[in-house]
Every structure is written in C-alpha cells, then in structure tokens.
There are 2 protein chains.
Amino acid sequence: MFIESYNQQEKVLLAVDCIIFGFDKENLKILLVKRDIEPEKGKWSLMGGFLNAGENLDDAATRVLHRLTGLSNVYMEQLRAYSAPDRDPVARTVSVSYYALINISEHTEINEDFSAKWFDIKKFPDLIFDHNTMVANAMSRLRYRASTKPIGFELLPEKFTMKQLQTLYEVILGETLDKRNFINKINALDILLKTDEKDMKSSRKGSFLYMFDEEKYKVKVSDGFTFKL
Amino acid sequence: MFIESYNQQEKVLLAVDCIIFGFDKENLKILLVKRDIEPEKGKWSLMGGFLNAGENLDDAATRVLHRLTGLSNVYMEQLRAYSAPDRDPVARTVSVSYYALINISEHTEINEDFSAKWFDIKKFPDLIFDHNTMVANAMSRLRYRASTKPIGFELLPEKFTMKQLQTLYEVILGETLDKRNFINKINALDILLKTDEKDMKSSRKGSFLYMFDEEKYKVKVSDGFTFKL
DNA sequence: CCAAAAGTGTTATGGATACACCCATGA
DNA sequence: TCATGGGTGTATCCATAACACTTTTGG
C-alpha cells in the first residue's frame with residue numbers, strides 16, 4: 001500500500017476456501033461440504049472459513065482443514081485471491097483459495113458436523129459462488145506441481161504399488177502413460193524404496209510395495225537434483 | 001467461507017502491490033516509489049494502494065498502475081496474498097501482489113508525485129515490509145511465464161531486433177543463450193513478422209527489426225499451438 | 001582496410017517414445 | 001491349466017546443444 005492514508009479505507013471480510021484432493025487408488029476426488037447456512041443452504045461448497053485476528057492465511061487454511069478432517073501436517077499450497085465485489089451475496093468477502101493433498105485410505109475421520117462427502121473430480125455437483133472456478137484453477141496448479149515436485153506421494157498411503165502411483169499420475173495429468181516408460185522414469189529418479197512386502201489384493205502374483213524415500217530426496221535436492229516427471 | 005456466521009468476523013484492510021517490470025534494451029528493471037508517509041517514510045517500496053468498494057483486485061491493481069504510469073492495457077497477473085499479521089505495523093493489512101510488464105522506451109511519463117525510479121533487478125535498495133519477498137516471487141513467476149507465454153513482447157517496443165529479444169530472455173531466465181539456437185527456435189515458432197526496416201544504432205551493418213504477430217499467434221493457439229521456449 | 005556486430009546450418013548427443021513377451025499364482 | 005495382472009529391455013526418433021565463419025559498412 002502507498003499514499004492513501006490507512007484511515008477511511010474500506011475493510012473487507014477475508015476468507016479461505018480449501019480444495020481438498022484425495023485419491024482412492026483409482027480416482028482423484030475432492031471433499032465437499034453441504035452448506036448449512038443461507039444463502040445457498042443445502043448446496044455443495046468447498047470447505048472454508050474466515051481469517052481470524054492474529055492469524056495468517058496459511059494458518060487459517062490449516063485450521064479450516066483440521067476442523068473438517070482432524071488432520072495436521074497436510075500438504076497445502078496457496079492458489080490465489082478471488083475478489084469480484086458481488087461474489088458473495090451476503091457481504092463483501094475476498095477469498096483466498098488453498099489446495100490440500102490428503103491420503104484418504106489412512107484417515108477417514110471426516111467431521112460429521114459438516115456433512116462432507118468425497119466426489120470424483122470428473123463429476124461433482126455445481127458449487128456455490130465461484131467455487132467451480134476455484135476447483136478448475138486448483139486442478140491446473142496440481143497438474144503443474146505434480147510434474148515439478150514429488151507431491152503425488154502426499155495422496156498415497158505410506159506403502160503403495162507402482163500401479164497405484166502410475167494411476168495417480170494418469171488421473172492428475174489426464175492422460176494414459178506407458179507402463180514400462182513410467183517405471184523406468186520413476187526408477188531413474190531413484191527416490192523410491194522397494195520394500196519386500198507385496199500387495200496381494202490386486203492380483204494372484206501380488207505386486208511389490210514401495211515407499212517414498214523423503215530423506216534421500218532431500219539429500220538429492222540439496223545436491224542440485226530437481227524432480228521432473 | 002462456511003459455517004461461521006458473517007457477523008462478528010474481523011475485517012481487514014486489503015491492498016495490492018505492484019511489481020512493475022521494464023526492460024531498457026539491456027537490463028531488466030523494476031519501478032519503485034519513495035514512500036512519503038510514515039511508517040518507513042523515505043524508504044523505497046512497491047507501488048500499491050487499497051482495494052476500493054465495488055472494485056475487484058485486478059481493477060485495483062490496474063488503477064494503481066495507471067495512477068503511477070498513466071498506462072492502460074498493461075499486462076498484469078496476480079501473484080499471491082501476503083498475510084503475516086504484523087507485516088504492516090500500522091494496521092492489519094493483507095496485500096495481494098501483481099506484476100506488470102511495461103515497455104519503458106515508449107512511455108516515460110511516470111507521475112512525478114510519487115518520486116518513482118527505475119532500478120536494475122540485480123541491484124535495488126532494500127524495500128519496506130515484505131516487499132523484497134514479493135519481488136523475488138514475482139521474478140520466479142516471470143521466469144516461468146516467459147517460457148510458457150509470449151509475454152516478452154510486452155516489455156519490448158513494437159519493433160525490436162533479435163538481439164534485443166535474446167538479451168531480454170537472457171536477463172529473465174538468468175542464463176546466456178546461444179545466438180543461433182535462439183534464433184532458430186524463435187523462427188520455428190513462426191510468430192514474428194520481419195519488417196524491412198533496420199535498426200542502425202547498434203552496428204554499421206544494421207539489424208532487421210521484427211514485430212510480434214499477435215493475430216497469427218492467436219490463430220495458432222486456437223489451432224492447438226502452445227508457446228514454449 | 002579494419003573493427004564491430006549481424007547473419008547463417010550442420011552435426012552430435014541424450015532424453016523421450018514405442019513396443020511384446022514371460023512370470024507367478026490362485027482358483 | 002488357464003486367466004489375470006506383474007514385471008522387464010531395447011531400438012528408434014526427435015528435440016536440444018554445440019559449434020565458426022562470412023557479410024556489411026562507417027570511419
């Protein structure tokens with residue numbers, strides 16, 4: 001800010017809205033809540049909340065996510081501010097969107113107060129206000145980030161099969177990938193740990209489980225390595 | 001937003017701050033203003049302003065830029081929100097940063113009320129608040145965007161030499177480029193118009209002037225072309 | 001005639017892509 | 001024994017990177 005005096009400036013409500021992504025080993029999902037206040041009561045929306053005094057936006061987004069899911073230490077990233085004057089019919093509210101990546105399989109403790117539900121990213125209901133746009137923008141940022149940083153692992157359980165990892169990247173990138181090329185690429189990155197356990201659910205033969213070796217990744221990064229898929 | 005009632009929420013001041021990039025045919029610059037109010041009076045800062053009622057953030061950023069430079073129709077892009085509770089010591093203010101790309105050579109009508117000055121991006125004074133961080137983030141977004149969209153032309157005069165274009169990309173990307181490879185790549189994109197005029201200032205032989213063919217670019221994009229440098 | 005910048009193509013390298021068969025196992 | 005998904009390697013192609021000499025012309 002500059003020039004105008006601080007007094008006599010309009011203040012606005014500032015909110016955060018979270019695009020919460022999950023992956024159920026087959027499809028990419030988003031977690032939506034059913035709005036229980038007017039306006040638009042009963043319609044689906046992103047989980048959101050207002051910024052509190054003494055709190056920054058990251059804190060607010062973390063708090064909002066925690067309130068819904070009980071989770072902490074979740075990967076979140078700020079996306080952008082939405083500020084159309086009439087975007088919220090009740091009061092002038094500017095909202096900053098965040099996306100979060102959570103691992104569905106290990107945590108299904110969704111707070112029931114919010115009537116939340118997972119929806120497939122390819123078909124979910126119309127959302128209130130500008131939330132549809134927020135989701136679309138989040139999706140495109142996710143696509144970019146997934147090819148730049150190893151964030152895919154945030155969406156997977158600690159141990160996962162190569163097939164799951166590949167399927168995840170396929171749904172994020174929106175294209176099918178060649179199995180051998182994908183595995184070659186991943187192995188070339190040298191950031192996975194192959195366990196000697198097998199997942200026997202998906203086939204008779206069973207498929208090996210892998211883990212993301214975060215320590216190794218960090219060391220490689222500090223040596224100048226950059227993730228690229 | 002969700003759940004909390006709209007009443008009794010803290011409202012905040014919302015500002016925009018502009019990272020204004022320019023290019024003088026040799027170096028990348030940013031336009032800074034000397035702050036004439038307390039706190040930090042006399043220190044350099046980004047040009048900014050508060051969000052008005054009935055205005056969205058893009059409008060506010062456009063207005064702020066216009067006030068300083070007199071320019072309209074400038075390329076601007078929202079970057080992100082800065083929200084540390086104590087980032088502005090006077091009042092709780094959240095700021096959304098924008099970067100703008102302007103063509104220095106054709107417009108030097110900087111409003112004198114603001115004691116503004118162009119600084120080389122590689123050495124500019126310490127800025128107030130979190131403005132240094134804003135500039136750093138803007139720079140990294142600019143680097144990314146420049147290899148994704150033909151925004152470089154926003155910084156150049158209508159007609160420019162290949163050398164100028166190459167130098168621009170070199171300062172944005174922070175690396176030197178091979179002349180022949182650069183020209184081959186640019187020509188392969190097939191979005192430039194070669195005029196029959198020459199710039200005689202830089203050499204005895206003179207170098208041809210080119211223009212960005214925006215119409216052709218748009219047609220190509222709608223045919224599925226994507227700019228990539 | 002010389003200094004200074006403009007202009008111009010080809011080869012080499014490496015990463016990306018395409019592609020098909022055998023293996024292990026439970027039913 | 002057979003059906004199902006898991007696992008594996010190589011050849012081709014294309015985009016990128018490296019690289020040096022000739023042209024023009026004002027002084």
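Hydrogens, waters and symmetry mates play no part in the numbers below; they use all other heavy atoms, side chains included.
- Taking atom CD1 on Ile186(A) and atom C1' on dG6(D), their separation rounds to 17 Å, with Å as the unit.
- If you measure from atom NZ of Lys198(A) to atom P of dC23(C), you get 14 Å, rounded to the nearest angstrom.
- For Arg67(B) and Asp113(B), the salt-bridge test fails: no basic side-chain N is under 4.0 Å from an acidic carboxylate O.
- Side-chain N/O atoms of Arg180(B) and base N/O atoms of dA20(D) include a donor-acceptor pair closer than 3.5 Å.
- In this entry the distance linking CG of Asp196(B) with P of dG7(C) reads 13 Å, nearest Å.
- Side-chain contact annotation: Asp199(B) with Thr161(B), donor-acceptor N/O pair under 3.5 Å absent.
- Contacts between residues 200-208 of chain B and DNA chain D, defined by a heavy-atom separation under 4.0 Å, are made by Arg204(B), Lys205(B).
- Heavy-atom distances to DNA chain D give each of Lys179(B) and Lys228(B) a nearest nucleotide, and the one nearer the 5′ end belongs to Lys228(B).
- Nearer to the 5' terminus of DNA chain C, by closest-nucleotide assignment, is the contact made by Asn187(B) (compared with the other of Asn187(B) and Lys185(A)).
- The number of heavy-atom neighbours closer than 6.0 Å to CG of Asp223(B), taken from other residues, nucleotides and ligands shown, is above 12.
- At whole-Å resolution of the value, CG in Asp178(B) and P in dT8(C) are 15 Å apart.
- For Ile183(B) and dC19(D), the CD1 to C1' distance is 15 Å, given to the nearest whole Å.
- Distance, Glu175(A) CD to dA16(C) C1': 13 Å, rounded to whole Å.
- Look at CG on Asn181(B): it is 13 Å from C1' on dA20(D), rounded to the nearest Å.
- What you find for Pro157(B) and Asn103(B) is that their closest heavy atoms are CA-ND2, 3.2 Å.
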